[in-house]
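Remarks on the structure that follows.
Numbers here are sequence positions counted from 1. These values consider heavy atoms only, across backbone and side chains, with no hydrogens, waters or symmetry-generated copies. No experiment lies behind these values; they were computed from the predicted model shown.
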Amino acid sequence: MEGIQGKGTDMTSAIPPLSPVLLLATDRLDDLVWRTIGLERDMPYSAVRSVVRANIAPPGRPVAETERIYALYSAFRGMLARSRHPLAGDDVAFYAACLGSAAPQPASVPADGWGALRALWPSDRSLAVVCCNHGLIHEGTGVFVPAPAVLAGLDAMMAADDRKAFLEECVSLPGTGLTWTGEGEAYRRAGLIWRP
């Protein structure tokens, strides 16, 4: 039987495989949105979860808060859909439009996650996190969730251009969760945790 692609392939080969990193990011979408909003203001996790998981604006919360949740949620959903290709200028412009931010010059934003984070962090931290994750997910490297414990050393890493420390200390890997402290190295060597 000839598949969708022709040339004797079966139908399943027409569907590109999902990477474990993309699945991790999709699973942690509410946490990504909540932690990114936390860069700007305090907000209860329950409000973010209500919008992200149930598409329901929480009663009694300020309208501006709900609008910001939806803006970040839209940017991250778009990022998940677009992360199969390298970060490009139209992606950055799309994310900036979702966030209500000014789009930077496309040439000023590197395609890799670390470079995008460093380039955008000083001017727009939310856009920096979305673009960084686009690059990291596309590369199959992991997911950056800007939790307070992670942010403590981030400025020093950026000042020193220490990509290795960023990847080791700030990027979550599939199978390790957000609070992983290194105990999973034996699992990674045994091939039980995916990492490129």
Side-chain angles (χ1 to χ4, degrees), residues 21 24-25 28-45 47-48 52 64-65 68-69 71-76 78-80 82-83 86-89 91-174 176-185 188 195-196:
V21 175
L24 173 68
R28 302 310 302 237
L29 185 58
D30 51 344
D31 202 37
L32 272 168
V33 172
W34 180 57
R35 295 294 187 176
T36 304
I37 284 177
L39 296 171
E40 304 167 7
R41 63 178 73 127
D42 288 331
M43 190 173 301
Y45 176 75
V48 174
V52 172
E65 182 178 277
R68 190 63 183 159
I69 295 169
L72 271 164
Y73 177 55
S74 296
F76 276 114
M79 181 271 302
L80 293 173
R82 294 166 164 252
S83 63
L87 181 66
D91 299 315
V92 177
F94 174 81
Y95 306 145
C98 287
L99 297 171
S101 302
Q105 293 296 323
S108 67
V109 182
D112 70 293
W114 172 243
L117 182 69
R118 290 188 69 228
L120 295 170
W121 187 260
S123 60
D124 190 334
R125 290 182 172 194
S126 295
L127 182 60
V129 172
V130 174
C131 291
C132 173
N133 276 299
H134 181 125
L136 292 172
I137 292 167
H138 174 72
E139 297 162 1
T141 304
V143 179
F144 171 56
V145 180
V150 164
L151 294 175
L154 185 61
D155 287 329
M157 288 176 214
M158 285 196 275
D161 193 16
D162 195 348
R163 183 179 200 275
K164 183 176 186 241
F166 170 72
L167 293 176
E168 290 174 357
E169 298 175 29
C170 301
V171 175
S172 298
L173 304 170
T176 59
L178 299 175
T179 57
W180 183 62
T181 58
E183 295 88 4
E185 185 58 31
R188 185 181 300 113
R195 177 156 186 178

Are side-chain heavy atoms of [X] and [Y] found at a separation under 4.5 Å?
X	Y	answer
W114	V171	no
L120	Y95	no
I137	M79	yes
V109	D91	no
V129	R35	no
V143	L136	no
L72	V48	no
M157	C170	yes

Taking all non-hydrogen atoms of both residues into account, name the closest pair between [X] and [Y] and its distance.
X	Y	result
R82	H134	O-CE1, 3.1 Å
P110	L87	O-CD2, 3.6 Å
L80	S83	O-OG, 3.2 Å
L24	S172	CD2-O, 3.8 Å
S74	F94	O-CE2, 4.5 Å

Report task. With sequence neighbours excluded, tell me which residues meet side-chain hydrogen bond (donor to acceptor under 3.5 Å, both in side chains) with R125. Result ->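 side-chain hydrogen bond (donor to acceptor under 3.5 Å, both in side chains) list for R125, sorted by chain: empty.
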